[in-house]
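Sequence lines set the chain letters: A, B, ... in the order given, protein chains first and strands last, and positions in each chain run from 1.
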2 protein chains.
Amino acid sequence: MSTNKVIKEVEVYCREHGIRFTDQRRMALEIIASSKKPLGAYDVLAEMGKEVENPKPTTVYRALDFLLEHAFIHKIESLNAFVVCHAGHSHEGSQFMVCDDCGKVEEVHLCHLPKDLKKKIDDTGFQLTRWNTEIHGTCNRCQP
Amino acid sequence: MSTNKVIKEVEVYCREHGIRFTDQRRMALEIIASSKKPLGAYDVLAEMGKEVENPKPTTVYRALDFLLEHAFIHKIESLNAFVVCHAGHSHEGSQFMVCDDCGKVEEVHLCHLPKDLKKKIDDTGFQLTRWNTEIHGTCNRCQP
DNA sequence: TTGAAACTGTTACAATATAACATTACATTC
DNA sequence: GAATGTAATGTTATATTGTAACAGTTTCAA
Ligand SMILES: [Zn+2]
Ligand SMILES: [Zn+2]
Ligand SMILES: [Zn+2]
Ligand SMILES: [Zn+2]
């Protein structure tokens, strides 16, 4: 999905939900959405630095927190890096295939927790709020 | 499983596989295995400091790398913290239930990737090396 | 129009992790 | 058992990632 399309959709979503989509937030989202690979917070910071004077980590992390909270982006925990959401709707679970060769990440997106996991969780009385699966390996483009 | 039992098993495993289970590695494993909650690298460092003079981060991270490599411990990526493996055998995938209230983590352990994920991965030709699921929420002891 | 809440600016710092290079211990082979 | 190569450790410094705290500003609605 094109960066413009992502921005447009988030714009609409925010307007409809009375959420403020400020310049900093838009800028951070644009940067992440235009990247082919996950970006670290300080990568985003560096990119921001090309458009505004000397931005600070706090600024970036605040924008990231906002974007995460509304699930416009996700954090790849094993990389400390961020990607734009490609599922098109808010979801409590995220799944990613991470290529350790080229560094690209693809969001898989299952709407529901797999049955066998769900069962184990229900059995223990655990109350789920969110879940995340990160699958590492080699993408098909990077194989011999 | 008791700390002693874990240590004994790893000892045997290492002897049988010609792997060196040195004092530092043993100490790090003991510290992690005796903890009720996941420990950060610097928590381990602090504990080590009670037994040896002024250990350094490098020392801890080396021990952790070793223990991770042989899957005696796992890293909870969303917490930057480490737990002892409770599955009893090496495995390419790990699953955890993380209680955001009390901080305790339980290893679920499915031997295989859930079918629906497996299918998506196979469809794209992705070659898996390892996978990790972290489920956040509230454990049954922490619920009202 | 004013008061509360959300957002931003700024400074400083905390927490997590690695690089680089010197030294020591260990196992293997001659 | 000396020579040798590899694995493990010691040491110093630094890189990377993420927050705390508090002051100032904007927004929106009562
Ligand atoms: Zn998503
Ligand atoms: Zn690849
Ligand atoms: Zn395990
Ligand atoms: Zn709990």
Side-chain angles (χ1 to χ4, degrees), chain A residues 10-11 13-29 31-32 35 37-49 51-70 72-83 100 103 134, chain B residues 10-11 13-29 31-32 35 37-49 51-70 72-83 100 103 134:
Chain A
V10 168
E11 229 164 39
Y13 180 95
C14 287
R15 198 162 42 234
E16 286 176 352
H17 288 75
I19 298 167
R20 285 161 67 184
F21 191 43
T22 63
D23 285 351
Q24 294 179 350
R25 293 167 176 178
R26 173 190 311 265
M27 201 183 309
L29 182 58
I31 289 165
I32 291 168
S35 172
K37 299 180 186 179
L39 293 181
Y42 282 73
D43 297 330
V44 176
L45 183 62
E47 286 301 313
M48 266 197 184
E51 304 191 38
V52 301
E53 185 65 19
N54 192 27
K56 303 292 191 300
T58 314
T59 302
V60 170
Y61 279 103
R62 280 170 179 160
L64 293 175
D65 284 348
F66 169 85
L67 297 171
L68 285 171
E69 189 184 348
H70 296 284
F72 302 139
I73 64 172
H74 302 301
K75 180 174 186 181
I76 313 289
E77 298 282 0
S78 55
L79 300 176
N80 295 318
F82 304 85
V83 293
D100 293 322
E134 297 176 14
Chain B
V10 168
E11 229 164 39
Y13 180 94
C14 287
R15 199 163 40 235
E16 285 176 353
H17 289 75
I19 297 168
R20 284 163 68 185
F21 191 42
T22 63
D23 285 352
Q24 294 181 350
R25 292 166 178 178
R26 174 190 312 263
M27 200 184 308
L29 181 58
I31 289 165
I32 292 169
S35 172
K37 299 180 185 178
L39 292 181
Y42 281 74
D43 297 330
V44 176
L45 183 63
E47 285 302 312
M48 268 198 184
E51 304 192 38
V52 300
E53 184 65 20
N54 193 27
K56 303 291 190 301
T58 313
T59 301
V60 170
Y61 279 103
R62 280 170 179 162
L64 293 175
D65 284 347
F66 169 85
L67 297 170
L68 285 171
E69 188 184 347
H70 296 284
F72 302 137
I73 64 171
H74 301 300
K75 181 173 186 182
I76 312 289
E77 298 282 1
S78 55
L79 301 176
N80 295 318
F82 303 86
V83 293
D100 293 322
E134 296 176 16

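Of all heavy-atom pairs spanning A:G40 and A:A81, the tightest one is N-CB, 4.1 Å. Across all non-hydrogen atoms, the minimal contact from A:L68 to A:K75 is CD2-N, 3.6 Å.
By the side chain to side chain contact (heavy atoms under 4.5 Å, CB included) test, A:Q24 is found to be paired with A:T22, A:T59, residues two or more places apart in sequence or in another chain being considered. Every residue two or more places apart in sequence or in another chain that forms a salt bridge (charged side-chain N to carboxylate O under 4.0 Å, His left out) with B:E47 is listed here: B:K50. Legend: residues meeting ring pair (Phe, Tyr, Trp, His ring centres under 6.0 Å) with B:Y13, ordered by chain and number and at least two apart, are B:H17, B:F72. Partners of B:F21 according to the ring pair (Phe, Tyr, Trp, His ring centres under 6.0 Å) rule, which considers only residues two or more places apart in sequence or in another chain, do not exist here. Listed by chain and residue number, B:H136 satisfy the side chain to side chain donor-acceptor pair (under 3.5 Å) test with B:D100 (two or more places apart in sequence, or in another chain). Listed by chain and number, the residues in a side chain to side chain contact (heavy atoms under 4.5 Å, CB included) with B:A41 are B:V60, B:Y61, B:L64, B:F82 (sequence neighbours excluded).
One interatomic measurement links the two molecules: CD of B:E77 to C1' of D:dT17, which rounds to 14 Å at whole-angstrom precision. For B:L68 and C:dT18, the CG to P distance is 11 Å, given to the nearest whole Å. In this structure, CD of B:E69 is placed 13 Å from C1' of D:dA8, rounded to the nearest angstrom. Rounded to an integer number of Å, the gap from B:Q24 CD to D:dT11 P is 11 Å. Per the geometry, CD belonging to B:E53 stands 11 Å off P belonging to D:dT11, to the nearest Å. Following rounding to the nearest Å, B:L45 (CG) and D:dG10 (P) show an atom-to-atom distance of 13 Å. When the P atom of D:dG18 is taken as reference, atom CG of A:L39 falls 13 Å away, rounded to whole Å. Per the geometry, CD1 belonging to B:I19 stands 16 Å off C1' belonging to C:dA27, to the nearest Å.
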Pull out every protein N or O sitting under 3.5 Å from an N or O of nucleotides 15-17 of chain C, one pair per line with the distance.
unit_1 : atom_1 : unit_2 : atom_2 : d
C:dA17 : OP1    : B:K75  : NZ     : 2.6
C:dA17 : OP2    : B:Y61  : OH     : 2.9
C:dA17 : O5'    : B:Y61  : OH     : 3.4
C:dA17 : N7     : B:Y42  : OH     : 2.7
C:dA17 : N6     : B:Y42  : OH     : 3.4

Atom pairs under 3.5 Å: protein N/O with N/O of nucleotides 20-26 of chain D:
unit_1 : atom_1 : unit_2 : atom_2 : d
D:dA20 : N6     : A:T58  : OG1    : 3.2

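Nearer to the 5' terminus of DNA chain D, by closest-nucleotide assignment, is the contact made by B:T22 (compared with the other of B:T22 and B:K56).
Counting only residues at least two apart or on different chains, the salt bridge (charged side-chain N to carboxylate O under 4.0 Å, His left out) pairs with a member in residues 16-27 of chain A are A:E11-A:R26.
Using five terminal pairs a side, the axes of the helix from C:dT1-D:dA30 to C:dC30-D:dG1 at its two ends make an angle of 30°, given in steps of 10 degrees.
One distance of note links CG of B:N80 with CG of A:N80; it measures 6.0 Å at 0.5 Å rounding.
No donor-acceptor distance shorter than 3.5 angstrom exists from the side chain of A:E134 to the backbone of A:I76, with no hydrogens or angles considered.
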